[in-house]
> 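Before I ask anything, here is the structure I am working with.
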Amino acid sequence: MRISVIIPVVNEAEVITGCLAQFRGQRNVEVIVVDGGSRDGTQDRIRAAGIARLVTSPRSFRSAQMNRGAGSASGDVLLFLHADTFLPDGAIRMIRESLEDPVVAGGSFRMGLSEDTWVFRTIAFLSTMRSRYLGVTYGDQGIYVRREVFDRVAGFPELALFEDSEFCAAVRKLGRFVLLDGSVRTSTRRWRRWGVVPTVLWMWTLRILFLCSVSDKWLCRLYRDVR
């Protein structure tokens with residue numbers, strides 16, 4: 001079972017080398033980095049690592065980048081990963097084992113954060129519970145899907161925001177979407193830059209507005225991206 005890892009980036013020179021290093025030596029794993037117009041040397045670091053194939057995207061929205069990466073991927077399984085996220089040990093094995101069940105369409109990992117404090121442990125726990133019980137999964141948990149399922153849902157919706165949760169909702173309609181036991185380790189840079197409480201409240205505000213059919217293009221103007 002060949003797995004294609006697709007990593008969308010824009011100005012991620014500080015983290016991309018470390019992200020790619022976790023795939024060194026992985027068997028039957030293809031790594032594709034989709035750059036949406038970096039100007040900080042990200043592309044040079046991707047080439048220097050010698051681990052991933054570099055693909056460029058004319059648009060910097062993650063939805064467009066991930067769809068472009070999927071279009072050039074050769075894997076039976078597509079794993080979408082943020083550049084500041086590290087997979088747990090044995091992640092590739094866990095993905096393959098989960099897909100031995102034919103009813104499983106895809107899945108994600110539990111949420112984990114790079115700082116082990118009670119505040120960030122609480123955020124990670126609540127994020128995992130949100131995914132488990134509310135069915136809302138975001139890209140910083142690492143999302144994987146069978147290639148045929150990705151094609152059937154026509155990839156990620158062309159949204160500027162919340163493309164990940166909408167994609168996962170579409171996948172769930174075609175099969176079981178599992179939450180693996182392992183936890184990713186995602187950078188806390190967003191919360192450090194904007195503050196823990198303001199970030200949590202702001203993301204929930206955006207989510208509620210999105211559910212109230214406020215345009216994703218308008219919400220994107222309010223979104224505090226850290227890329």
Side-chain angles (χ1 to χ4, degrees), residues 1-96 98-99 106-109 111-114 137-151 155-156 158 163-164 167-168 180 182-187 189-190 225-227:
M1 188 180 292
R2 183 170 173 80
I3 296 179
S4 294
V5 183
I6 299 167
I7 307 170
V9 298
V10 176
N11 296 327
E12 294 282 24
E14 292 186 3
V15 299
I16 191 59
T17 301
C19 178
L20 293 178
Q22 65 185 309
F23 299 105
R24 190 178 300 279
Q26 291 278 6
R27 298 182 60 187
N28 213 16
V29 174
E30 170 187 51
V31 184
I32 300 171
V33 181
V34 187
D35 187 86
S38 296
R39 298 182 179 180
D40 66 342
T42 295
Q43 294 191 15
D44 293 335
R45 298 196 179 191
I46 294 168
R47 295 188 185 98
I51 297 171
R53 176 155 51 92
L54 175 63
V55 175
T56 58
S57 170
R59 301 180 64 194
S60 60
F61 290 150
R62 279 198 176 102
S63 57
Q65 290 177 269
M66 292 186 292
N67 286 337
R68 190 169 182 91
S72 65
S74 62
D76 311 295
V77 181
L78 306 176
L79 168 60
F80 300 94
L81 190 71
H82 288 184
D84 64 348
T85 299
F86 288 83
L87 296 171
D89 292 340
I92 299 300
R93 173 186 52 78
M94 285 188 276
I95 290 173
R96 289 186 173 126
S98 74
L99 293 173
S108 68
F109 294 88
M111 185 64 172
L113 292 169
S114 59
T137 301
Y138 294 138
D140 51 10
Q141 291 177 241
I143 297 168
Y144 67 95
V145 65
R146 296 183 190 271
R147 179 59 192 250
E148 62 266 27
V149 173
F150 180 88
D151 292 338
F156 285 86
E158 292 289 326
E163 77 292 331
D164 41 13
F167 172 76
C168 293
L180 298 179
S183 297
V184 297
R185 180 165 53 87
T186 294
S187 172
R189 58 183 178 171
R190 180 188 311 281
D225 203 346
V226 294
R227 297 198 299 169

> Please give me the minimum heavy-atom distance between Gln141 and Ser108, naming the atom from each residue.
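Distance-wise, the nearest heavy atoms are NE2-OG, 3.7 Å.
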
> Is a side-chain N or O of Ser4 found less than 3.5 angstrom from the main chain of Gly75, in a donor-acceptor match?
yes

> Can you measure from CG (Leu78) to CG (Asp151) and round to the nearest 0.5 angstrom?
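Atom-to-atom, Leu78:CG and Asp151:CG are 8.0 Å apart.
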
> Over all heavy atoms of both residues, which pair between Met94 and Gly182 is shortest? Give the atoms and the distance, please.
SD-N, 4.0 Å

> I'd like to check Asn11 versus Arg39 (side-chain heavy atoms, cut-off strictly below 4.5 Å). Are they in contact?
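Asn11 vs Arg39: side chains touch.
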
> To the nearest 0.5 Å, tell me how far Leu180 CG sits from Phe109 CZ.
5.0 Å

> Is the closest basic N to carboxylate O distance between Asp84 and Arg189 below 4.0 Å?
yes

> Checking Arg146 side chain against Leu99 main chain: does a donor-acceptor pair fall under 3.5 Å?
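At least one qualifying donor-acceptor pair exists.
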
> Counting C-beta onward and ignoring hydrogens, is there a side-chain heavy-atom pair between Ile32 and Ser72 closer than 4.5 Å?
yes

> Do the side chain of Gln22 and the main chain of Cys19 share a donor and acceptor less than 3.5 angstrom apart?
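Yes, because the side chain of Gln22 sits within donor-acceptor range (under 3.5 Å) of the backbone of Cys19.
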
> Side-chain contact test, heavy atoms from C-beta onward, threshold under 4.5 Å: evaluate it for Tyr138 versus Met111 and give yes or no.
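Answer no - side chains too far apart.
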
> What is the distance from atom CD1 of Ile95 to atom CG of Leu79, rounded to the nearest 0.5 Å?
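CG of Leu79 is found 4.5 Å from CD1 of Ile95.
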
> Using only atom types and a distance under 3.5 Å, with no angle test, would you say the side chain of Arg96 pairs donor to acceptor with the backbone of Met1?
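Pair found, side chain donor or acceptor close to backbone of Met1.
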
> Would a distance-only check, ignoring hydrogens and angles, find a side-chain to backbone donor-acceptor pair under 3.5 Å from Glu30 to Ser74?
yes

> Take Ile3 and Asn28 through the test side-chain contact (heavy atoms from CB on, under 4.5 Å) and record every step on the way to the result.
CA-CA 7 Å; Ile3 296 179; Asn28 213 16; over 6 Å; no

> Does the pair Leu87 and Phe23 meet the rule for a side-chain contact (heavy atoms from CB on, under 4.5 Å), with working shown?
CA-CA 10 Å; Leu87 296 171; Phe23 299 105; 3.8 Å; yes

> Restricting to non-hydrogen atoms, name the atom on Val15 and the atom on Ala83 that form the minimum distance, rounded to 0.1 Å.
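That closest heavy-atom pairing would be CG2-O, 3.7 Å.
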
> So does Gly139 get a backbone contact from the side chain of Asp164, meaning a donor-acceptor N/O pair under 3.5 Å?
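The answer is yes, because a donor-acceptor pair under 3.5 Å joins these two groups.
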
> Which is it for Val9 and Val34 under the side-chain contact (heavy atoms from CB on, under 4.5 Å) test, yes or no, and what are the steps along the way?
CA-CA 6 Å; Val9 298; Val34 187; over 6 Å; no

> Would you compute the distance between atom CG of Asp40 and atom CD of Glu14 and round it to the nearest 0.5 angstrom?
8.0 Å

> Any sub-3.5 Å donor-acceptor pair from Asp35's side-chain atoms to Gln43's backbone N or O?
no

> Under 3.5 Å, is there a donor-acceptor pair between the side chain of Gln65 and the main chain of Pro8?
no

> Calculate, to the nearest 0.5 Å, the distance between atoms OG and CG belonging to Ser38 and Leu54 respectively.
9.0 Å

> Answer whether the closest heavy-atom distance between the side chains of Val77 and Val145 falls below 4.5 Å.
no

> How long is the gap from CZ on Phe156 to CZ on Phe80, to the nearest 0.5 Å?
4.5 Å

> For residues Ser114 and Ser187, is any side-chain donor paired with an opposing acceptor at under 3.5 Å?
no

> State, to 0.1 Å, how close Leu81 and Gly142 come at their nearest heavy-atom pair, and which atoms those are.
CD1-CA, 4.3 Å

> Could you tell me whether a side-chain N or O of Arg68 sits under 3.5 Å from a main-chain N or O of Thr56, the two making a donor and an acceptor?
yes

> Below 4.0 angstrom, N of the basic side chain to O of the carboxylate: do Arg62 and Glu163 qualify?
no

> Please step through side-chain contact (heavy atoms from CB on, under 4.5 Å) for the pair Phe86 and Val184, ending with a clear verdict.
CA-CA 6 Å; Phe86 288 83; Val184 297; over 6 Å; no

> Whether Arg59 and Glu158 form a salt bridge (side-chain N of Lys/Arg under 4.0 Å from carboxylate O of Asp/Glu) is what I want to check.
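Looking at Glu158 and Arg59, the cut-off is met.
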
> Between Leu20 and Ile7, is there a side-chain heavy-atom distance shorter than 4.5 Å?
yes

> Considering only heavy atoms from C-beta outward, does the side chain of Tyr144 approach that of Ser98 to under 4.5 Å?
yes

> Any side-chain heavy-atom pair from His82 and Thr186 closer than 4.5 angstrom?
no

> Side chain of Arg185, backbone of Gly112: donor and acceptor closer than 3.5 Å?
no

